[in-house]
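Inspection log for the structure reproduced underneath, given as structure tokens.
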Amino acid sequence: SPFLHESMIPPDQRKPVLILLYVTLAASLWKCLAIPIGVTVETPALNSPAFWIGEQRLIAAFILFGFIPMFIVKFGFREKLSDYGLRFGTLKFTVRSFLIMAPAVAVLAVWTGHQAEFFDVYPFSEQLRSHGKPAGTEISSEIFAVHAVLYLGYYFGWEFLFRAFLQHGLSSRTGIAVAVLVQTLASTMLHYGHPPTEIFASVFAGIVWGFLAVRTRSILSGMAQHALLGILLDGTLIYG
């Protein structure tokens, strides 16, 4: 008999199975990119291959977490990306939720940026991490601006994979609460190896941003909050 008999994956379960399989593979592949590659130069420069190699985790997240799942939704599931949160949604609440949360997120980012244990994790780029504080502030504003733009792509990919592709893709079969907790579990596991405070904070963030995506019918507010947190954190670690 075949390894997977048709009765093992009924037609109405094939979409959730594909989503869970893809998220597992994409997250595993991306996590492998966390292995140090030891590429550094004296001063980070945009024309240096080492800079772009150092940014590989940000670029890979946009492709693995954002672009490919969007392709699957559009051409595999033949569904609208807007149904997965790529829209303004309830615009008033989307904007209001960001404005309410932004000050707390900013304070958290700056506070975290002064905690010694985060120097071993952020920025993701070994090159930027080795030249920022406490080693010295040799990183130009131009370099950091490009890093921040790449970070936006990273956070777009992260939010789309977990709060859109995984959460929305499962919710019709599991219900909203279970889907939120499943994506929270998956996103939290990718934080393993980071400082304990960040791991526990990721549980809270996954739940809040998951339900926020449902309430606003958009991933934009959570994505903006997440990007603000990450960019300010890296800025504090490098220049603060």
Side-chain angles (χ1 to χ4, degrees), residues 27 29-46 48 50-66 101-159 161-162 186-206 208-209 222-240:
L29 178 58
W30 182 82
K31 193 66 174 177
C32 289
L33 296 177
I35 299 174
I37 55 176
V39 177
T40 59
V41 294
E42 290 187 1
T43 303
L46 292 178
S48 168
F51 170 77
W52 295 100
I53 292 174
E55 299 290 334
Q56 62 176 329
R57 294 180 71 189
L58 305 186
I59 299 170
F62 173 76
I63 297 172
L64 292 172
F65 296 174
M101 294 292 292
V105 168
V107 170
L108 177 62
V110 174
W111 176 83
T112 303
H114 288 90
Q115 307 306 306
E117 61 265 32
F118 285 87
F119 288 107
D120 296 328
V121 180
Y122 298 106
F124 282 142
S125 169
E126 294 175 69
Q127 193 180 52
L128 298 189
R129 190 164 63 247
S130 64
H131 288 82
K133 190 188 70 172
T137 55
E138 302 176 16
I139 299 171
S140 69
S141 57
E142 180 184 30
I143 288 288
F144 186 77
V146 173
H147 173 69
V149 170
L150 293 174
Y151 233 164
L152 291 176
Y154 162 78
Y155 283 114
F156 168 78
W158 186 282
E159 292 301 316
L161 182 74
F162 294 112
S187 60
T188 298
M189 291 181 69
L190 277 191
H191 288 83
Y192 288 0
H194 291 202
T197 52
E198 183 181 2
I199 296 174
F200 285 102
S202 68
V203 178
F204 174 78
V208 170
W209 289 333
M223 183 185 73
Q225 293 173 42
H226 206 170
L228 177 64
L229 175 64
I231 292 171
L232 282 180
L233 171 59
D234 275 12
T236 304
L237 288 169
I238 292 172
Y239 301 112

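Hydrogens, waters and symmetry mates are skipped; everything else that's a heavy atom, side chains included, is used.
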Using atom types as modelled and distance alone, determine if a side-chain donor or acceptor of K31 lies under 3.5 Å from a backbone N or O of Y192.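 Answer holds: yes.
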
Kindly state whether the ring of [X] and the ring of [Y] have centres lying under 6.0 angstrom apart.
X	Y	value
F156	Y154	no
F204	F200	no
F144	Y239	yes

How would you list, by chain and number, every residue that makes a side chain to side chain contact (heavy atoms under 4.5 Å, CB included) with A102, sequence neighbours excluded? F98, L228

Who pairs with V121 by side chain to side chain contact (heavy atoms under 4.5 Å, CB included), at least two apart in sequence or on another chain?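 Side chain to side chain contact (heavy atoms under 4.5 Å, CB included) list for V121, sorted by chain: H194, P195.
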
When you check the side-chain N and O atoms of W209 and E159, is any donor under 3.5 Å from an acceptor?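 No.
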
Would Y122 and E198 count as having a side-chain donor-acceptor pair, cut-off 3.5 Å?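 On atom types as modelled, these side chains qualify, holding a pair under 3.5 Å.
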
Closest heavy-atom contact between [X] and [Y]?
X	Y	answer
D234	P123	OD2-CB, 3.4 Å
Q225	V105	O-CG1, 3.5 Å
A60	L33	CB-CD1, 3.4 Å
I199	G193	CD1-N, 4.3 Å
A61	W30	CB-NE1, 3.7 Å
A148	I231	O-CD1, 3.9 Å

Among residues at least two apart in sequence or on other chains, which ones pass side chain to side chain donor-acceptor pair (under 3.5 Å) with W158?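 Partners of W158 under the side chain to side chain donor-acceptor pair (under 3.5 Å) test: none.
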
Approximate separation, where rounding is to 0.5 Å, of [X] [atom1] and [Y] [atom2]:
X	Y	atom1	atom2	answer
S125	I139	OG	CD1	7.5 Å
T112	L229	OG1	CG	6.5 Å
Q56	I63	CD	CD1	11.0 Å
L58	Y155	CG	OH	8.5 Å
Q115	T236	CD	OG1	11.0 Å
H147	S141	NE2	OG	14.0 Å

Within the 4.5 Å heavy-atom criterion, are [X] and [Y] side-chain neighbours or not?
X	Y	result
W111	L233	no
E55	L128	yes
S140	I143	yes
Q127	S48	yes
F62	L152	no

